[in-house]
Structure formats: structure tokens, C-alpha cells
There are 2 protein chains.
Amino acid sequence: MSQHRHPGAPGRAGAVPALPDLPEATVARLPEYLRALHALADTGHETVSSEGLANAAGVNSAKLRKDLSHLGSYGTRGVGYDVTLLIDQIESVLGLTQCRSVALVGVGNLGHALAGYDGFASRGFRIAALFDADPSRVGEEINGLVVRHVDELARVAVEESISIGVIATPAPAAQAVADQLVAVGVTSILNFAPCVLSVPEGVDVRKVDLAIELQILSFHEHRKASLTALPGGLAATDTQEAIGT
Amino acid sequence: MSQHRHPGAPGRAGAVPALPDLPEATVARLPEYLRALHALADTGHETVSSEGLANAAGVNSAKLRKDLSHLGSYGTRGVGYDVTLLIDQIESVLGLTQCRSVALVGVGNLGHALAGYDGFASRGFRIAALFDADPSRVGEEINGLVVRHVDELARVAVEESISIGVIATPAPAAQAVADQLVAVGVTSILNFAPCVLSVPEGVDVRKVDLAIELQILSFHEHRKASLTALPGGLAATDTQEAIGT
DNA sequence: GCGTGTGAATTAGTTCACAGCA
DNA sequence: TGCTGTGAACTAATTCACACGC
């Protein structure tokens, strides 16, 4: 879907929607808005106000409006945003108008779950291949896909025109896998292994570390406990607001 | 471990290490430093320079020094940081000196993987109870723990003195689970369900949405593609640096 | 001399508040 | 009148660059 040509974007108009170089923080929130918009569309809403959408997405309305303004947005003053139009806009900016193929390396505990996770397919990502280094895992079928040996990565990645690599191996194996992915031309990696990856310029790495999230919560738990226990004055109600991602 | 009393912290010294109210961005990086430090300790290093630790943690050294300075750190000029001392410091600040008990609600695809994830136990978290709403799942044993019905949450949470709740249910069930956790007194929640939770003040929520990470990568993929394809001049090598978390 | 710790400068992100359009 | 879009003000985070102690 979508072939929007909107005015005001810098540079000469081309076949591509002309990406306006969004702030990173905005990019990170667009998927959130998208989810909220889909929910609104499913419940029959045709338009939303910035206030309404902001609530659904868990941000404040000023931030939302500023974010949308960055993509040269199409709201109507006094009315709000057209839900389906905005969905198309955001999907177009995020590059979700084409289905992207994902290669998942490491089908251990976590990888197994990721391979079966519905949330990917339902949002435009296709898990196209599974890999593992452990021969005893090769051949196993998960969710209709056969696990292949990681040595086949190069060949399969090309065949399936892999766009994003997901690493769910143990930490010691992660760097080697990343190197292989990069060698095959993958320029976006999602890393679940608890380690730092070094990759050449032009390759984007995002990291998800489950234990780190818990440790951050632990800090806040700890702080709350020491606030209520120790010092003069402050009651339990005085603590901080819920934090975002 | 650890009962450090360091000077310079504001307020009157008490039994608690006196939390110096760190910037949120710093808190989010401390676990990263901790992991790097443990790796260094395992390989026999006794001290690190800010440069060395920064490399291991994937940040630049100025940022690292500023972060550590916030916790009134103990480096030695001309030498560096004592690895084990710094580990104790950071663990103390993050509240990891006590093992925290985690309740996991929702043992579907993802929950199952989380229940078996080693990374939690190895970093001071104990999964103390598993819950699900589906009766056919209740009674199942995962990793030595029996899945209980979510109705038992209140009783078990108290028994096990749950400190953090992890929600791995489908999105429609998440809010109700969060409400139950809050009702039981849980003030830290890690949410894997793709939805916004509303919780009272004083409760911290962190969210992990796997599909969102992919969508962010998709954006960068899309941008890189449109840069190399379209406009005059810029070659493929000119694209952006790898991004952090 | 080396490397930490930190003020000062810069940049990024958020919030405010209101002009302007439907 | 209601709500978007946005400059301007503010806050948070990062980076610079160097004084100071070992």
C-alpha cells in the first residue's frame, strides 16, 4: 500500500517518499503510534485527536504532535488525524510497505520462542530462515521452518533476500554470527545476546537484554525502598511516575 | 555482598548506601558496565582504565567517567578502576546485593522461554513463581517450577515476597494482570505484551516490544536504501554509525 | 606522565503556549 | 470553537577539554 507524495519534503521528489531524517527518539515512538492506530482502526475509529492517540500510545499530546509534524503530517485542525491515512504515512516512513525477511540465528530457549512469536508476522516481518550451530538442532522443524546449520547462512541469506538478522545465540558465539551476517550483506541486526557487537559503519545494531531491564527495575525498587524507609518527610506517595521505554 | 560507606554522598549517612539520584540514562548503562566488569574479572583483570571499560561496554570513555562519577566513584588517577570494587559499587547502587524474586505471568511461547532463561538467575534474579490463566497450562512444570493459576497470584506473591512482576501474556490480558500485581503490592513491572499499561504513581513499568525493535531497524534499512539509491553524490560508505540501545 | 573527575559547551529531546486554520 | 502545527523556553544528555592527584 501507499505511494504518498507529500509536499514540503526537502530535496527533489523522487519515487521514494523522501525520508525527512527524523530524530531517533521520534523513530522509536512511531511503531508505538502505529500499534495504537491499528487498535483504533479495529474498533471503527476514523479519526483521532492528538490527545486521544497520545493516550492510547502512552505519551503526552505535545510530544505526539511534534513527532508527527516531523513527517510532514496530515492532521486537520479542529478535527484530528485520519486514522488510516496516518497508518499509511507511518508505515511508509518506517519502510513497512514491503514485507521484510528476517533470519534468526540460535534456536535455543529464547530463539525457539522468537521463532514462534506471532507478533512478528502480524506486523510485516517474515521469519524466513532459522539457523543453529548445534548439529543436534539442525533439521528440527519449528513453526513450519526447518533449522539449518549456520554454515548455510551465506547461501540462504541471499536466496531469501534477508533484510534483518536476529541473534539469539549464547554471548560467546554472537560476534562470529554478526560477522557472518555482515559478510552476507545484512545491515541491520537485532541482538539478544548479552554482549557488545562490533560491526562496520553502516550496520545498525539494536540490543535487547532481558536481564538489564530487570536490573534497571531493581534500581528503582531499591531507591523506592530507601526513600520510604529512611529520610525525613517524604511519604510513599511521593515517588516517581512510571517510566517509558 | 558489600556494605560500602562512601563519603561525599548528600544527606546524612544511614544504613543504606544513600542513593545519589542518578540520571536515568546512567542507570540504564550501569548494568552494561557491570556485565563488562564481570567479564574482565573472569579474565583475571584487577584494574581497568575508563578507556578499557568503555570499549568493553560499547560506549565512549567520557560518558563512562561521567556515569561513574555520579556514583561518587573510586578510580585512581593515573591507574584506573579497581574491578572488584567497582562491581561491588554498582551492584550496591542497583540494589543487586539482595536476590530479587520475580513472578512471571503468562507461560505461552515467550513466557516459556523466559522461565527457562539462564540470564536471570545468573544475575541475581530468582524466578519464584509462574502463572497462567489457561487451566490446561496450570500444573505444568517448567524448569522445576509448577505453573499456577493466576488467581493464586495474591497469595503466592506474598509468600514468595515478589519484588518484580513480568507480564508475558497476550495484550488483551495484560492490563488486568498488571492491576492484580499492583494490588498485591508489586511496584516494578516488566511488560512484554504489546500494549500500554496504566498503573498508579510509584509503580515503575518497563516495556520490551520485540516487534518494535524490528520496526526501528526497518526504518534504518529503508533510509539506507533510499540514500544509496536516490540522490546525488553520497556513496554507500557515507551512511550512519551503529546505534546504541 | 597518565588517566580520573568535572566544569563548561554543545547537542538532543521535551514541554509550553499560542497563532492560525477548519 | 477545537485542535493542529510550531517557535520558543526549558530540561536532559552528551561531548569536550583540562585541572588535579597518583
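Just so you know, these numbers come straight off a predicted model, no measurement behind them. Residue numbering restarts at 1 for every chain, and letters A, B, ... go by the order of the sequence lines. For the numbers below, each heavy atom of this structure counts, side chains included, while hydrogens, waters and symmetry mates do not.
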Asker: Rounded to whole Å, how long is the line connecting atom CZ of A:Arg29 with atom P of C:dG13?
Answerer: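 Taking atom P of C:dG13 as the reference, CZ of A:Arg29 is at 8 Å.
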Asker: Side chain of B:Ser49, heavy atoms from C-beta onward: which of C:dC16, D:dT4, C:dT4 has the nearest atom to it?
Answerer: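 When the side chain of B:Ser49 is considered, C:dT4 is the closest of C:dC16, D:dT4, C:dT4.
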Asker: Would you mind telling me which residue lines up with the more 5' stretch of DNA chain C, A:Ala62 or A:Pro23, judged by nearest nucleotide?
Answerer: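 By nearest-heavy-atom nucleotide position, the 5'-most residue is A:Pro23.
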Asker: Does B:Ser50 make a side-chain N or O approach to OP1 or OP2 of C:dT4 shorter than 4.0 Å?
Answerer: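 For B:Ser50, the contact criterion (side-chain N or O under 4.0 Å from OP1 or OP2 of C:dT4) is met.
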Asker: The side chain of A:Lys66 is closest to which nucleotide in this list: D:dC22, D:dA13, D:dA8?
Answerer: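 Looking only at side-chain atoms, A:Lys66 lies closest to D:dA8.
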Asker: Checking A:Lys224 side chain against B:Gly202 main chain: does a donor-acceptor pair fall under 3.5 Å?
Answerer: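 It does hold such a pair.
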Asker: Calculate the interatomic distance between A:Leu68 atom CG and C:dT15 atom P; express it in whole Å.
Answerer: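 A:Leu68 atom CG is separated from C:dT15 atom P by 15 Å.
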Asker: Using whole Å, report how far CZ of A:Arg65 lies from P of C:dA17.
Answerer: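 That distance rounds to 13 Å.
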Asker: In this structure, how many angstroms lie between the C1' atom of D:dT4 and the CG atom of A:Asp82, rounded?
Answerer: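 Whole-Å distance recorded here is 15 Å.
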Asker: Check whether the side chains of A:Glu91 and A:Thr97 place a donor and an acceptor atom closer than 3.5 Å, and report yes or no.
Answerer: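 Not at all, the side chains of A:Glu91 and A:Thr97 share no donor-acceptor pair under 3.5 Å.
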Asker: Would you say the side-chain atoms of B:Ser188 and B:Asp204 include a donor-acceptor pair closer than 3.5 Å?
Answerer: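 Checked: B:Ser188/B:Asp204 side chains show no N/O donor-acceptor pair below 3.5 Å.
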Asker: Take the protein atom OH of B:Tyr33 and the nucleotide atom P of C:dT4, then report the distance between them rounded to whole Å.
Answerer: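 So the two atoms are 13 Å apart, to the nearest Å.
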Asker: Any side-chain N or O of B:Asn60 below 4.0 angstrom from OP1/OP2 of D:dT14?
Answerer: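 No, outside the criterion.
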Asker: Go through it in stages, so that I can follow the logic: the residues are B:Asp209 and A:Arg123, the test is salt bridge (charged side-chain N to carboxylate O under 4.0 Å, His left out), and I'd like the CA-CA distance, side-chain angles, deciding distance and then a yes or no.
Answerer: CA-CA 12 Å; B:Asp209 186 324; A:Arg123 294 200 249 169; 3.3 Å; yes
Asker: Just how far, in rounded Å, is P of D:dA13 from CG of B:Asp67?
Answerer: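 Between P of D:dA13 and CG of B:Asp67: 10 Å.
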Asker: Return the value, rounded to whole Å, for the distance between atom NE2 of B:His70 and atom P of C:dT4.
Answerer: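 My rounded result for the distance is 17 Å.
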Asker: Can a side-chain donor-acceptor contact be found between B:Thr84 and B:Asp82 if the only test is distance below 3.5 angstrom?
Answerer: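 There is such a pair (donor and acceptor under 3.5 Å, judged by atom type) between the side chains of B:Asp82 and B:Thr84.
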Asker: D:dC22, OP1 or OP2 - any side-chain N/O from B:Tyr81 closer than 4.0 Å?
Answerer: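 Looking at the OP1 and OP2 atoms of D:dC22, neither is under 4.0 Å from any side-chain N or O of B:Tyr81.
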Asker: Could you tell me how far apart A:Glu24 (CD) and D:dT14 (C1') are, to the nearest whole angstrom?
Answerer: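 These atoms are roughly 15 Å apart.
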Asker: Counting heavy atoms from C-beta on, name the nucleotide in D:dG2, C:dT4, C:dT14 closest to the side chain of A:Arg77.
Answerer: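 The nucleotide sitting nearest to the side chain is D:dG2.
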